[in-house]
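Throughout, a chain's letter reflects where its sequence line sits, starting with A, and its residues are numbered from 1.
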Number of protein chains: 2
Amino acid sequence: MNVSSNPKRKTILLTGKELFWKFGIKRVTIEEICMEAGVSKMTFYKFFSNKMDLVRTIMDDIFDISLKEYRSIMDSDLPFTEKVSQSILLKREQTKAMSSEFFSDFYGHADPEMVEYFEQLKNKNIQMIADDYARAQKDGDIRQDIKVEFIIYFLNQLLEMTHDDKLLNLYDHPQDMIMEITKFFFYGILNREVHT
Amino acid sequence: MNVSSNPKRKTILLTGKELFWKFGIKRVTIEEICMEAGVSKMTFYKFFSNKMDLVRTIMDDIFDISLKEYRSIMDSDLPFTEKVSQSILLKREQTKAMSSEFFSDFYGHADPEMVEYFEQLKNKNIQMIADDYARAQKDGDIRQDIKVEFIIYFLNQLLEMTHDDKLLNLYDHPQDMIMEITKFFFYGILNREVHT
DNA sequence: TCCTTTCGTACTCATTTCGTACAATCATGA
DNA sequence: TCATGATTGTACGAAATGAGTACGAAAGGA
(Lines give C-alpha, C1' and ligand atoms only; values in the text may rest on other atoms or scores of the structure.)
Protein backbone atom coordinates (compact mmCIF):
# COMPACT_ATOMS: atom_id res chain seq x y z
CA MET A 1 0.00 0.00 0.00
CA ASN A 2 1.20 3.46 -0.84
CA VAL A 3 2.41 5.24 2.28
CA SER A 4 0.97 8.60 1.30
CA SER A 5 -2.54 7.15 1.13
CA ASN A 6 -2.38 5.63 4.60
CA PRO A 7 -5.60 6.63 6.40
CA LYS A 8 -3.82 7.41 9.66
CA ARG A 9 -1.43 9.65 7.83
CA LYS A 10 -4.31 11.41 6.17
CA THR A 11 -6.04 11.95 9.48
CA ILE A 12 -2.90 13.49 10.93
CA LEU A 13 -2.59 15.79 7.95
CA LEU A 14 -6.20 16.82 8.24
CA THR A 15 -6.30 17.52 11.96
CA GLY A 16 -2.89 19.16 11.78
CA LYS A 17 -4.19 21.49 9.14
CA GLU A 18 -7.32 22.26 11.12
CA LEU A 19 -5.41 23.10 14.28
CA PHE A 20 -2.72 25.09 12.49
CA TRP A 21 -5.38 27.03 10.64
CA LYS A 22 -7.10 27.98 13.84
CA PHE A 23 -4.19 28.58 16.19
CA GLY A 24 -1.03 28.92 14.13
CA ILE A 25 1.93 26.62 14.42
CA LYS A 26 3.65 27.30 17.71
CA ARG A 27 0.50 27.04 19.79
CA VAL A 28 -0.23 23.53 18.59
CA THR A 29 1.68 20.57 20.05
CA ILE A 30 2.37 17.23 18.45
CA GLU A 31 0.68 15.42 21.31
CA GLU A 32 -2.39 17.55 20.75
CA ILE A 33 -2.49 16.63 17.09
CA CYS A 34 -2.14 12.95 17.99
CA MET A 35 -4.92 13.21 20.56
CA GLU A 36 -7.24 15.00 18.18
CA ALA A 37 -6.41 12.60 15.36
CA GLY A 38 -6.85 9.58 17.63
CA VAL A 39 -3.36 8.39 16.87
CA SER A 40 -0.39 7.52 19.04
CA LYS A 41 2.82 9.52 19.00
CA MET A 42 4.70 6.58 17.50
CA THR A 43 2.41 6.64 14.53
CA PHE A 44 3.00 10.33 14.10
CA TYR A 45 6.76 9.87 14.05
CA LYS A 46 6.34 7.04 11.64
CA PHE A 47 5.07 9.43 8.99
CA PHE A 48 6.61 12.75 9.99
CA SER A 49 9.95 13.51 11.58
CA ASN A 50 8.71 16.55 13.49
CA LYS A 51 6.13 19.31 13.57
CA MET A 52 7.76 21.34 10.84
CA ASP A 53 7.89 18.30 8.59
CA LEU A 54 4.13 18.04 8.98
CA VAL A 55 3.75 21.74 8.24
CA ARG A 56 5.82 21.40 5.10
CA THR A 57 3.79 18.44 3.93
CA ILE A 58 0.55 20.28 4.55
CA MET A 59 1.74 23.31 2.65
CA ASP A 60 3.08 21.15 -0.15
CA ASP A 61 -0.33 19.53 -0.48
CA ILE A 62 -2.06 22.87 -0.53
CA PHE A 63 0.23 24.23 -3.21
CA ASP A 64 -0.23 21.09 -5.22
CA ILE A 65 -4.01 20.95 -4.99
CA SER A 66 -4.63 24.64 -5.50
CA LEU A 67 -2.28 24.60 -8.47
CA LYS A 68 -4.25 21.79 -10.08
CA GLU A 69 -7.56 23.51 -9.44
CA TYR A 70 -6.26 26.80 -10.76
CA ARG A 71 -4.92 25.21 -13.92
CA SER A 72 -8.12 23.29 -14.55
CA ILE A 73 -9.91 26.63 -14.56
CA MET A 74 -7.40 28.49 -16.67
CA ASP A 75 -6.94 25.69 -19.18
CA SER A 76 -10.66 25.27 -19.67
CA ASP A 77 -12.68 26.65 -22.57
CA LEU A 78 -14.48 29.21 -20.44
CA PRO A 79 -14.42 32.84 -21.53
CA PHE A 80 -11.60 34.82 -19.95
CA THR A 81 -13.88 36.84 -17.68
CA GLU A 82 -15.34 33.62 -16.30
CA LYS A 83 -11.87 32.20 -15.69
CA VAL A 84 -10.84 35.17 -13.60
CA SER A 85 -14.08 35.20 -11.68
CA GLN A 86 -13.78 31.52 -10.84
CA SER A 87 -10.12 31.72 -9.89
CA ILE A 88 -10.85 34.51 -7.43
CA LEU A 89 -13.68 32.50 -5.96
CA LEU A 90 -11.38 29.50 -5.69
CA LYS A 91 -8.66 31.47 -3.94
CA ARG A 92 -11.18 32.91 -1.58
CA GLU A 93 -12.43 29.48 -0.55
CA GLN A 94 -8.89 28.28 -0.03
CA THR A 95 -7.90 31.14 2.22
CA LYS A 96 -11.16 31.60 4.07
CA ALA A 97 -10.48 29.55 7.17
CA MET A 98 -6.78 30.40 7.30
CA SER A 99 -5.65 32.39 10.28
CA SER A 100 -3.06 35.07 9.65
CA GLU A 101 -1.50 33.49 12.72
CA PHE A 102 -0.46 30.54 10.62
CA PHE A 103 1.59 32.60 8.22
CA SER A 104 3.18 34.83 10.81
CA ASP A 105 4.14 31.70 12.74
CA PHE A 106 5.49 30.13 9.62
CA TYR A 107 7.65 33.06 8.68
CA GLY A 108 8.65 33.57 12.28
CA HIS A 109 9.53 30.03 13.28
CA ALA A 110 10.25 27.94 10.21
CA ASP A 111 13.92 27.58 9.40
CA PRO A 112 15.18 29.86 6.63
CA GLU A 113 15.60 27.08 4.06
CA MET A 114 11.97 26.12 4.42
CA VAL A 115 10.79 29.70 4.12
CA GLU A 116 13.05 30.03 1.10
CA TYR A 117 11.61 26.85 -0.41
CA PHE A 118 8.05 28.08 -0.17
CA GLU A 119 8.95 31.55 -1.28
CA GLN A 120 10.21 29.96 -4.46
CA LEU A 121 7.07 27.87 -4.83
CA LYS A 122 5.01 30.99 -4.30
CA ASN A 123 7.06 32.95 -6.81
CA LYS A 124 6.70 30.18 -9.34
CA ASN A 125 2.96 30.34 -8.82
CA ILE A 126 2.89 34.09 -9.20
CA GLN A 127 5.00 33.78 -12.31
CA MET A 128 2.55 31.27 -13.73
CA ILE A 129 -0.36 33.56 -13.02
CA ALA A 130 1.56 36.42 -14.54
CA ASP A 131 2.11 34.29 -17.65
CA ASP A 132 -1.59 33.57 -17.84
CA TYR A 133 -2.39 37.25 -17.78
CA ALA A 134 0.42 38.09 -20.16
CA ARG A 135 -1.05 35.60 -22.61
CA ALA A 136 -4.50 37.07 -22.11
CA GLN A 137 -3.00 40.45 -22.86
CA LYS A 138 -1.44 39.12 -26.02
CA ASP A 139 -4.75 37.52 -27.00
CA GLY A 140 -6.47 40.86 -26.64
CA ASP A 141 -8.52 39.97 -23.59
CA ILE A 142 -6.76 42.66 -21.60
CA ARG A 143 -5.81 46.08 -22.86
CA GLN A 144 -2.18 46.50 -23.85
CA ASP A 145 -1.25 49.55 -21.81
CA ILE A 146 -1.30 47.92 -18.38
CA LYS A 147 1.53 46.30 -16.47
CA VAL A 148 0.96 42.61 -15.71
CA GLU A 149 2.72 43.13 -12.37
CA PHE A 150 0.10 45.68 -11.48
CA ILE A 151 -2.63 43.17 -12.25
CA ILE A 152 -1.03 40.59 -9.97
CA TYR A 153 -0.72 43.13 -7.20
CA PHE A 154 -4.30 44.18 -7.71
CA LEU A 155 -5.57 40.61 -7.67
CA ASN A 156 -3.98 40.15 -4.27
CA GLN A 157 -5.64 43.30 -3.04
CA LEU A 158 -8.96 42.01 -4.30
CA LEU A 159 -8.42 38.75 -2.45
CA GLU A 160 -7.80 40.65 0.77
CA MET A 161 -10.99 42.56 0.19
CA THR A 162 -13.04 39.38 -0.09
CA HIS A 163 -12.16 38.64 3.53
CA ASP A 164 -13.09 42.07 4.81
CA ASP A 165 -16.29 41.95 6.83
CA LYS A 166 -16.96 45.61 6.24
CA LEU A 167 -17.18 44.93 2.53
CA LEU A 168 -18.87 41.58 2.95
CA ASN A 169 -21.71 43.12 4.91
CA LEU A 170 -22.62 45.29 1.96
CA TYR A 171 -23.85 42.27 0.07
CA ASP A 172 -26.55 39.71 0.57
CA HIS A 173 -24.33 36.82 -0.41
CA PRO A 174 -20.55 36.52 -0.72
CA GLN A 175 -21.07 35.56 -4.35
CA ASP A 176 -22.59 38.98 -5.00
CA MET A 177 -19.49 40.60 -3.62
CA ILE A 178 -17.24 38.44 -5.76
CA MET A 179 -19.29 39.31 -8.80
CA GLU A 180 -19.11 42.99 -8.04
CA ILE A 181 -15.38 42.83 -7.54
CA THR A 182 -14.68 40.90 -10.71
CA LYS A 183 -17.02 43.13 -12.66
CA PHE A 184 -15.11 46.13 -11.40
CA PHE A 185 -11.89 44.37 -12.22
CA PHE A 186 -12.93 43.76 -15.82
CA TYR A 187 -14.44 47.09 -16.65
CA GLY A 188 -11.13 48.49 -15.55
CA ILE A 189 -8.87 46.23 -17.55
CA LEU A 190 -10.93 44.85 -20.40
CA ASN A 191 -10.28 45.99 -23.94
CA ARG A 192 -12.80 48.64 -24.82
CA GLU A 193 -13.19 47.01 -28.21
CA VAL A 194 -14.84 44.04 -26.53
CA HIS A 195 -17.69 46.26 -25.43
CA THR A 196 -18.35 48.02 -28.69
CA MET B 1 -6.76 57.37 41.24
CA ASN B 2 -8.94 54.30 41.29
CA VAL B 3 -6.89 51.19 40.61
CA SER B 4 -9.53 49.57 38.44
CA SER B 5 -9.51 52.50 36.03
CA ASN B 6 -5.75 52.39 35.53
CA PRO B 7 -5.13 52.57 31.77
CA LYS B 8 -2.40 49.90 31.86
CA ARG B 9 -4.72 47.60 33.70
CA LYS B 10 -7.40 48.22 31.15
CA THR B 11 -5.04 47.46 28.29
CA ILE B 12 -4.07 44.19 29.89
CA LEU B 13 -7.71 43.25 30.33
CA LEU B 14 -8.47 44.14 26.75
CA THR B 15 -5.58 42.31 25.09
CA GLY B 16 -6.04 39.38 27.44
CA LYS B 17 -9.64 39.14 26.37
CA GLU B 18 -8.72 39.36 22.69
CA LEU B 19 -6.12 36.62 22.91
CA PHE B 20 -8.24 34.35 25.09
CA TRP B 21 -11.15 34.81 22.73
CA LYS B 22 -9.07 33.75 19.78
CA PHE B 23 -6.92 30.99 21.21
CA GLY B 24 -8.44 29.91 24.48
CA ILE B 25 -6.67 30.15 27.83
CA LYS B 26 -3.94 27.56 27.89
CA ARG B 27 -2.43 28.59 24.56
CA VAL B 28 -1.85 32.16 25.70
CA THR B 29 1.09 33.04 27.96
CA ILE B 30 1.39 35.93 30.38
CA GLU B 31 4.49 37.20 28.62
CA GLU B 32 2.58 37.22 25.37
CA ILE B 33 -0.18 39.30 26.90
CA CYS B 34 2.41 41.71 28.28
CA MET B 35 4.13 41.99 24.91
CA GLU B 36 0.88 42.56 23.08
CA ALA B 37 -0.31 45.05 25.68
CA GLY B 38 3.03 46.86 25.66
CA VAL B 39 3.43 46.36 29.37
CA SER B 40 6.14 44.79 31.51
CA LYS B 41 5.61 41.64 33.46
CA MET B 42 5.96 43.51 36.73
CA THR B 43 3.03 45.68 35.81
CA PHE B 44 0.99 42.61 35.04
CA TYR B 45 1.70 41.11 38.45
CA LYS B 46 0.92 44.44 40.04
CA PHE B 47 -2.69 44.11 38.97
CA PHE B 48 -3.19 40.36 38.68
CA SER B 49 -1.68 37.52 40.68
CA ASN B 50 -1.66 35.04 37.77
CA LYS B 51 -3.28 34.12 34.50
CA MET B 52 -6.39 32.70 36.07
CA ASP B 53 -6.85 35.84 38.12
CA LEU B 54 -6.93 37.77 34.87
CA VAL B 55 -9.40 35.32 33.40
CA ARG B 56 -11.65 35.67 36.41
CA THR B 57 -11.52 39.46 36.21
CA ILE B 58 -12.34 39.39 32.51
CA MET B 59 -15.29 37.10 33.08
CA ASP B 60 -16.45 39.17 36.02
CA ASP B 61 -16.41 42.25 33.83
CA ILE B 62 -18.34 40.49 31.12
CA PHE B 63 -20.98 39.28 33.51
CA ASP B 64 -21.22 42.72 35.01
CA ILE B 65 -21.47 44.63 31.72
CA SER B 66 -23.81 42.24 29.99
CA LEU B 67 -26.03 42.21 33.07
CA LYS B 68 -26.28 46.00 33.00
CA GLU B 69 -27.05 46.05 29.29
CA TYR B 70 -29.61 43.33 29.63
CA ARG B 71 -31.34 45.10 32.50
CA SER B 72 -31.39 48.42 30.70
CA ILE B 73 -33.30 46.70 27.93
CA MET B 74 -35.69 44.76 30.12
CA ASP B 75 -36.39 47.68 32.47
CA SER B 76 -37.13 50.04 29.60
CA ASP B 77 -40.58 51.04 28.39
CA LEU B 78 -40.25 49.12 25.13
CA PRO B 79 -42.98 46.64 24.21
CA PHE B 80 -42.21 43.10 25.31
CA THR B 81 -41.56 41.80 21.81
CA GLU B 82 -39.01 44.54 21.27
CA LYS B 83 -37.29 43.72 24.56
CA VAL B 84 -36.82 40.09 23.59
CA SER B 85 -35.63 40.97 20.11
CA GLN B 86 -33.05 43.39 21.46
CA SER B 87 -31.84 41.08 24.17
CA ILE B 88 -31.19 38.33 21.63
CA LEU B 89 -29.32 40.78 19.43
CA LEU B 90 -27.30 41.89 22.45
CA LYS B 91 -26.39 38.35 23.41
CA ARG B 92 -25.41 37.60 19.87
CA GLU B 93 -23.01 40.53 19.74
CA GLN B 94 -21.49 39.52 23.04
CA THR B 95 -20.81 35.95 22.03
CA LYS B 96 -19.88 36.51 18.41
CA ALA B 97 -16.09 36.65 18.68
CA MET B 98 -15.90 34.08 21.47
CA SER B 99 -14.13 30.87 20.65
CA SER B 100 -15.61 27.71 22.08
CA GLU B 101 -11.98 27.04 22.92
CA PHE B 102 -12.20 29.63 25.66
CA PHE B 103 -14.98 27.86 27.48
CA SER B 104 -13.62 24.37 27.10
CA ASP B 105 -10.29 25.65 28.41
CA PHE B 106 -12.02 27.36 31.27
CA TYR B 107 -13.96 24.31 32.35
CA GLY B 108 -10.95 22.11 31.74
CA HIS B 109 -8.24 24.11 33.49
CA ALA B 110 -9.79 26.49 35.97
CA ASP B 111 -9.80 25.26 39.55
CA PRO B 112 -13.10 23.83 40.74
CA GLU B 113 -13.93 26.76 43.04
CA MET B 114 -13.64 29.18 40.17
CA VAL B 115 -15.82 27.05 37.94
CA GLU B 116 -18.28 26.79 40.80
CA TYR B 117 -18.22 30.56 41.30
CA PHE B 118 -19.10 31.27 37.69
CA GLU B 119 -21.65 28.51 37.56
CA GLN B 120 -23.43 30.31 40.37
CA LEU B 121 -23.16 33.64 38.59
CA LYS B 122 -24.53 32.03 35.48
CA ASN B 123 -27.36 30.42 37.37
CA LYS B 124 -28.22 33.72 39.00
CA ASN B 125 -28.37 35.24 35.55
CA ILE B 126 -30.57 32.49 34.23
CA GLN B 127 -32.79 32.84 37.26
CA MET B 128 -33.10 36.55 36.59
CA ILE B 129 -34.03 35.93 32.98
CA ALA B 130 -36.50 33.30 34.11
CA ASP B 131 -38.03 35.85 36.48
CA ASP B 132 -38.37 38.34 33.64
CA TYR B 133 -40.25 35.82 31.57
CA ALA B 134 -42.32 34.66 34.52
CA ARG B 135 -43.38 38.26 35.05
CA ALA B 136 -44.16 38.61 31.36
CA GLN B 137 -46.27 35.50 31.66
CA LYS B 138 -48.10 36.97 34.64
CA ASP B 139 -48.62 40.21 32.73
CA GLY B 140 -50.20 38.31 29.88
CA ASP B 141 -47.42 38.89 27.37
CA ILE B 142 -46.81 35.17 27.16
CA ARG B 143 -49.45 32.48 27.14
CA GLN B 144 -50.00 30.71 30.45
CA ASP B 145 -49.62 27.10 29.38
CA ILE B 146 -45.89 27.13 28.72
CA LYS B 147 -43.03 26.29 31.06
CA VAL B 148 -40.64 29.20 31.67
CA GLU B 149 -37.77 26.69 31.80
CA PHE B 150 -38.63 25.65 28.27
CA ILE B 151 -38.45 29.25 27.16
CA ILE B 152 -34.99 29.65 28.68
CA TYR B 153 -33.82 26.48 27.00
CA PHE B 154 -35.27 27.61 23.72
CA LEU B 155 -33.66 31.03 23.96
CA ASN B 156 -30.28 29.34 24.29
CA GLN B 157 -31.01 27.23 21.24
CA LEU B 158 -31.93 30.36 19.33
CA LEU B 159 -28.66 31.97 20.36
CA GLU B 160 -26.74 28.98 19.04
CA MET B 161 -28.61 29.29 15.78
CA THR B 162 -27.58 32.89 15.33
CA HIS B 163 -23.96 31.73 15.09
CA ASP B 164 -24.67 29.02 12.55
CA ASP B 165 -23.32 29.96 9.14
CA LYS B 166 -25.72 27.64 7.38
CA LEU B 167 -28.61 29.64 8.76
CA LEU B 168 -26.85 32.95 8.42
CA ASN B 169 -26.32 32.44 4.73
CA LEU B 170 -30.06 32.26 4.17
CA TYR B 171 -30.36 35.95 4.94
CA ASP B 172 -29.07 39.12 3.41
CA HIS B 173 -28.18 40.63 6.75
CA PRO B 174 -27.77 39.10 10.20
CA GLN B 175 -30.47 41.44 11.40
CA ASP B 176 -32.92 39.76 9.05
CA MET B 177 -32.11 36.43 10.60
CA ILE B 178 -32.57 37.80 14.11
CA MET B 179 -35.90 39.26 13.10
CA GLU B 180 -37.05 36.00 11.60
CA ILE B 181 -36.01 34.10 14.69
CA THR B 182 -37.69 36.44 17.12
CA LYS B 183 -40.79 36.56 14.98
CA PHE B 184 -40.94 32.80 15.06
CA PHE B 185 -40.33 32.90 18.77
CA PHE B 186 -43.23 35.24 19.36
CA TYR B 187 -45.81 33.70 17.13
CA GLY B 188 -45.12 30.55 19.09
CA ILE B 189 -45.41 32.00 22.55
CA LEU B 190 -47.49 35.14 22.29
CA ASN B 191 -50.98 35.23 23.71
CA ARG B 192 -53.44 34.63 20.91
CA GLU B 193 -55.63 37.38 22.34
CA VAL B 194 -52.98 39.90 21.33
CA HIS B 195 -53.56 39.04 17.72
CA THR B 196 -57.36 39.14 17.68
C1' DT C 1 -1.25 -19.06 14.65
C1' DC C 2 2.16 -15.65 13.32
C1' DC C 3 3.38 -11.16 11.96
C1' DT C 4 2.74 -6.41 11.46
C1' DT C 5 0.74 -2.29 12.98
C1' DT C 6 -0.70 0.59 16.48
C1' DC C 7 -1.28 1.95 21.12
C1' DG C 8 -0.37 3.50 25.83
C1' DT C 9 2.90 4.48 29.15
C1' DA C 10 7.00 5.96 30.82
C1' DC C 11 11.24 8.14 30.54
C1' DT C 12 15.03 11.73 29.49
C1' DC C 13 16.33 15.94 27.89
C1' DA C 14 15.62 20.52 26.15
C1' DT C 15 12.74 24.37 26.09
C1' DT C 16 9.27 27.31 27.79
C1' DT C 17 6.88 29.66 31.18
C1' DC C 18 6.22 31.41 35.68
C1' DG C 19 6.90 34.39 39.26
C1' DT C 20 10.29 37.36 41.60
C1' DA C 21 14.30 40.56 42.21
C1' DC C 22 16.66 44.59 41.10
C1' DA C 23 18.79 48.38 38.92
C1' DA C 24 17.88 51.72 35.27
C1' DT C 25 14.64 54.85 33.27
C1' DC C 26 10.70 57.78 32.80
C1' DA C 27 7.06 61.13 34.26
C1' DT C 28 5.59 64.62 36.91
C1' DG C 29 4.64 67.79 40.27
C1' DA C 30 6.75 70.25 44.43
C1' DT D 1 16.07 71.03 39.86
C1' DC D 2 15.14 67.40 42.65
C1' DA D 3 12.39 63.86 44.67
C1' DT D 4 9.21 60.34 44.25
C1' DG D 5 6.46 56.90 42.48
C1' DA D 6 5.47 54.23 38.44
C1' DT D 7 7.28 51.38 34.81
C1' DT D 8 10.62 49.08 32.25
C1' DG D 9 14.13 45.56 30.74
C1' DT D 10 16.96 41.98 32.17
C1' DA D 11 18.14 38.21 34.72
C1' DC D 12 17.27 34.22 37.35
C1' DG D 13 15.79 29.71 39.65
C1' DA D 14 11.92 26.78 39.90
C1' DA D 15 8.25 24.48 37.83
C1' DA D 16 5.83 22.86 33.97
C1' DT D 17 5.53 21.45 29.37
C1' DG D 18 6.79 19.44 25.04
C1' DA D 19 9.88 16.65 21.98
C1' DG D 20 11.50 12.51 20.81
C1' DT D 21 12.58 7.48 22.10
C1' DA D 22 11.93 2.81 24.15
C1' DC D 23 9.23 -1.03 25.06
C1' DG D 24 5.64 -4.27 26.24
C1' DA D 25 0.73 -4.98 25.41
C1' DA D 26 -3.12 -5.11 22.38
C1' DA D 27 -5.30 -5.41 18.06
C1' DG D 28 -6.13 -7.14 13.66
C1' DG D 29 -5.41 -9.17 9.22
C1' DA D 30 -3.17 -13.14 6.45
For the pair made of [atom1] in [X] and [atom2] in [N], what is the distance, rounded to whole Å?
{"X": "A:Arg27", "N": "C:dT16", "atom1": "CZ", "atom2": "C1'", "value": "14 Å"}
{"X": "A:Phe23", "N": "D:dG18", "atom1": "CZ", "atom2": "C1'", "value": "17 Å"}
{"X": "A:Phe48", "N": "D:dA19", "atom1": "CZ", "atom2": "P", "value": "15 Å"}
{"X": "B:Ile25", "N": "C:dT17", "atom1": "CD1", "atom2": "P", "value": "17 Å"}
{"X": "B:Ile33", "N": "C:dT17", "atom1": "CD1", "atom2": "P", "value": "12 Å"}
{"X": "A:Met52", "N": "D:dA19", "atom1": "CE", "atom2": "P", "value": "11 Å"}
{"X": "A:Phe47", "N": "D:dG20", "atom1": "CZ", "atom2": "C1'", "value": "17 Å"}

- Kindly state whether the ring of A:Phe63 and the ring of A:Tyr117 have centres lying under 6.0 angstrom apart. no

Are the side chains of [X] and [Y] in touch, meaning some heavy atoms are under 4.5 Å apart?
{"X": "A:Phe106", "Y": "A:Phe20", "result": "no"}
{"X": "A:Phe47", "Y": "A:Thr57", "result": "no"}
{"X": "A:Leu54", "Y": "A:Ile30", "result": "no"}

- Task: Would you indicate, yes or no, if D:dA6 has its OP1 or OP2 atom less than 4.0 angstrom from a side-chain nitrogen or oxygen of B:Thr43?
- Result: no

- Does B:Lys46 place a side-chain N or O at less than 4.0 Å from the phosphate oxygens OP1/OP2 of D:dT7? yes

- Task: Give the ring-plane orientation class for A:Trp21 versus A:Phe102, where under 30° counts as parallel, over 60° as perpendicular and anything between as tilted.
- Result: tilted

Please tabulate, for the side chains in residues 119-126 of chain B, all donor-acceptor contacts under 3.5 angstrom to protein atoms that are two or more places apart in sequence or on a different chain.
unit_1: B:Glu119; atom_1: OE2; unit_2: B:Tyr107; atom_2: OH; d: 2.6
unit_1: B:Gln120; atom_1: NE2; unit_2: B:Glu116; atom_2: OE2; d: 3.2
unit_1: B:Asn123; atom_1: ND2; unit_2: B:Glu119; atom_2: O; d: 3.2

Kindly give the atom pairs (protein nitrogen or oxygen, nucleotide nitrogen or oxygen) under 3.5 Å for nucleotides 18-22 of chain C.
unit_1: C:dC18; atom_1: OP1; unit_2: B:Ile30; atom_2: N; d: 3.3
unit_1: C:dC18; atom_1: OP2; unit_2: B:Ile30; atom_2: N; d: 3.2
unit_1: C:dG19; atom_1: OP2; unit_2: B:Tyr45; atom_2: OH; d: 2.8
unit_1: C:dG19; atom_1: O5'; unit_2: B:Tyr45; atom_2: OH; d: 3.4
unit_1: C:dG19; atom_1: N7; unit_2: B:Lys41; atom_2: NZ; d: 3.0
unit_1: C:dG19; atom_1: O6; unit_2: B:Lys41; atom_2: NZ; d: 2.8

